[in-house]
Structure formats: structure tokens, C-alpha cells
Colleague: 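To start, I am sharing the structure in question, which I have written as C-alpha cells.
For ligands, and for the atoms within them, numbers begin at 1 and follow the listed sequence.
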Amino acid sequence: MIITDGRGRHYPWHVGIQISPSILNADLSNLSHEIRRLGGSADWVHLDVMDNHFVPNLTFGLPLVESLLAHIDVPADCHLMIDDPDRWAPGYAEVGAGSVTFHVEAAQHPLQVARDIRAAGARAGIALKPGTPIDAVREALPAIDMILVMTVEPGFGGQSFMTDMLPKVRQARALADASDADMWVQVDGGVDARTIEQCADAGATVFVAGSAVYRADDPAEAVLRLRALAESAAGA
Ligand code: DX5
Ligand code: ZN
């Protein structure tokens, strides 16, 4: 199977490693500058939208994402940790995000949310908190482009990777392989140079990394290092 990444490059799936740095722990007062520090090393920039209801933290919403998109050229991977994605998720696609991921736990009609995101022009992702079994995504699968397996409890950066999520990453990989769509598997939370290889070995191909990138002296170099580790673990 051939996949296309966020920059329009085509790969066979097994070399389709993509890195999506999260700016949650970057300098939030200067986001476009922080994203430019990636220097073209990243496939996506991961934007964590939190509403202080679905998760106990508050970040930013649609107006900031829309404004930011006018100043950056890396595609946006929006991770919505918000209630009522049925109402809000398509708007992120409408303002130009390349990928919009909502939490299955928050959605009333997950299949319809995914269809609405696609209809608005983005790839549709579905996310699972650590306590949510993989079966929760089945209903929405016909309209899903990416499964996000959370490897920490959503809400904060800098937490420790939950190794016990790896079996769920393998289950997500099996669903993606069985799909007719170009479905990706993403991991998010505690992904760094010590944990990324296990994730790649379990079948993830899209890696969110927050503190591992933005707490490094050189974020671009940190991305390249993570990519090399993931590619070698995936046998690329
Ligand atoms: C957590 C967020 C993550 C977070 C990852 O709820 O969804 O994207 O920024 O940060 P690290 O890589 O530091 O765990
Ligand atoms: Zn995230």
C-alpha cells in the first residue's frame, strides 16, 4: 500500500514514518516562531485543543488555530480534547487543518463526526483515552483516516509513556491493515527517544512528541533523531 504524508510525499506504508511535534510545551507566546524552529523537519505540527471540560486543562481554540495557519507552512494536526466534537470538529477542517482528531468518548455520533471532518476537507482521526478499548472505534471506522492511541491520560505534556498501551497500538494496526482506506496509527504521550522504537515496532507510523522536541536545544535535530529511530525500528 502507498501512503501520502502531510507534505504530499508518497511512501510504501512501512517507510511512512511521520513526526508530529506538539507545541503544548513550546513558548505559547510565540507560536509561529516556535513552529518555524522545526525548520521543515516535521511532517505536521500537532495542536492540542483543550476545553477544561473533557480534560482538566485549557489551551486554545478555533480562532487561534485559524490565525496560526496563516503564518505557518507545515500542515496542522489538530487533536481535539473537547466536549461536543459533533458541533466543533468540522470547523477546524474548514479553517484549513490537514487532519482533525476527536475523542470517541466525547462524540455522540462518531461516524457522522468523521464524515463531517472529511466533507470539510481534512483527514479524520479518532482518539482513545488509555481506559477506552479499541472496540469503541469500530462504528466510525468506515470514515476514519487515523486512529490515535493515547499513551498517557490526555491533558498535559511531559507525562510518562504507558507501556501497557502497546497491545492497543497493535490492535489499531490490525484495524488499519484491514481497512481499504489509507488509515494511519498515531501515538501521543511520552513519546521520546527511549519509547519511540517500541511504538514503531507495535505498528504506529505517526508519532506525536511534545517535550522530546521542545525541551531539546535544537527541536529540528530532535525531530530528525526521532524519525531515524522510528524508521529503523519499522524496518524502513
Ligand atoms: C497530552 C497531549 C499531547 C502532549 C504530548 O494530552 O495530547 O499531545 O503535548 O506531550 P509529551 O510528548 O510531552 O508527552
Ligand atoms: Zn495531543
Colleague: For ligand 1, which is the ligand I care about here, please tell me if E153 has any N or O atom under 3.5 Å from one of the ligand's N or O atoms.
Modeller: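 Min N/O separation from ligand 1 is not below 3.5 Å for E153.
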
Colleague: Please list, in number order, the atoms of ligand 1 under 4.0 Å from a heavy atom of G157.
Modeller: 10 (O), 13 (O)

Colleague: For the residue pair V65 and L68, establish whether any side-chain heavy-atom pair is separated by less than 4.5 Å.
Modeller: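 Side chain of V65 against side chain of L68, heavy atoms only: no contact under 4.5 Å found.
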
Colleague: Measuring from atom 11 (P) of ligand 1, which candidate in G158, S160, A209, P154 has the nearest non-hydrogen atom?
Modeller: G158

Colleague: Just how far is it from atom OG of S20 to atom CG of L226, taken to the nearest 0.5 Å?
Modeller: 12.0 Å

Colleague: Say whether Q18 and D77, considering side chains only, have a donor N or O and an acceptor N or O under 3.5 Å apart.
Modeller: no

Colleague: Any N or O on G210 sitting closer than 3.5 Å to an N or O of ligand 1?
Modeller: yes

Colleague: In D188, the N, O or S atom nearest to the Zn ion (ligand 2) is which?
Modeller: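 Going by distance to the Zn ion (ligand 2), the closest N, O or S atom in D188 is OD2.
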
Colleague: Any idea which N/O/S atom from H79 gets closest to the Zn ion (ligand 2)?
Modeller: ND1

Colleague: Tell me, which protein residue and heavy-atom name are nearest atom 6 (O) of ligand 1, and how many Å apart are they?
Modeller: G155 N, 2.7 Å

Colleague: Counting each atom of ligand 1 from 1 as listed, which ones have a heavy atom of G189 under 4.0 Å away?
Modeller: 14 (O)

Colleague: Does ligand 1 have any atom sitting under 4.0 Å from a heavy atom of M81?
Modeller: yes

Colleague: To the nearest 0.5 Å, what is the distance between CD1 on I134 and CG on L141?
Modeller: 8.0 Å

Colleague: Considering the heavy atoms of G190, write down every atom of ligand 1 situated less than 4.0 Å from one of them.
Modeller: 11 (P), 12 (O), 14 (O)

Colleague: Please could you name the atoms of ligand 1 that H79 approaches to less than 4.0 Å, counting only its heavy atoms?
Modeller: 7 (O)

Colleague: To the nearest 0.5 Å, how far apart are OG1 in T151 and CZ in F161?
Modeller: 5.0 Å

Colleague: Kindly identify the option in V49, V55, I23, D188 whose heavy atom sits closest to atom 5 (C) of ligand 1.
Modeller: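 When every heavy atom of V49, V55, I23, D188 is considered, D188 comes closest to atom 5 (C) of ligand 1.
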
Colleague: Students often mix this up, so state it plainly: with edges at 30° and 60°, are the rings of H103 and F54 parallel, tilted or perpendicular?
Modeller: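 H103 vs F54 ring planes: tilted.
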
Colleague: With respect to S22, determine whether any N or O atom, backbone or side chain, lies less than 3.5 Å from an N or O atom of ligand 1.
Modeller: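 Yes; the residue has a nitrogen or oxygen that sits under 3.5 Å from a nitrogen or oxygen of the ligand.
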
Colleague: Can you confirm whether D164 is buried at CG, in the sense that more than 12 heavy atoms of other residues, nucleotides or ligands lie under 6.0 Å from that atom?
Modeller: yes

Colleague: Go through it in stages, so that I can follow the logic: the residues are D48 and H46, the test is side chain to side chain contact (heavy atoms under 4.5 Å, CB included), and I'd like the CA-CA distance, side-chain angles, deciding distance and then a yes or no.
Modeller: CA-CA 6 Å; D48 288 302; H46 183 86; 2.9 Å; yes

Colleague: Which single N/O/S atom of D48 lies at minimum distance from the Zn ion (ligand 2)?
Modeller: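 Minimum-distance N/O/S atom of D48 relative to the Zn ion (ligand 2) is OD1.
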
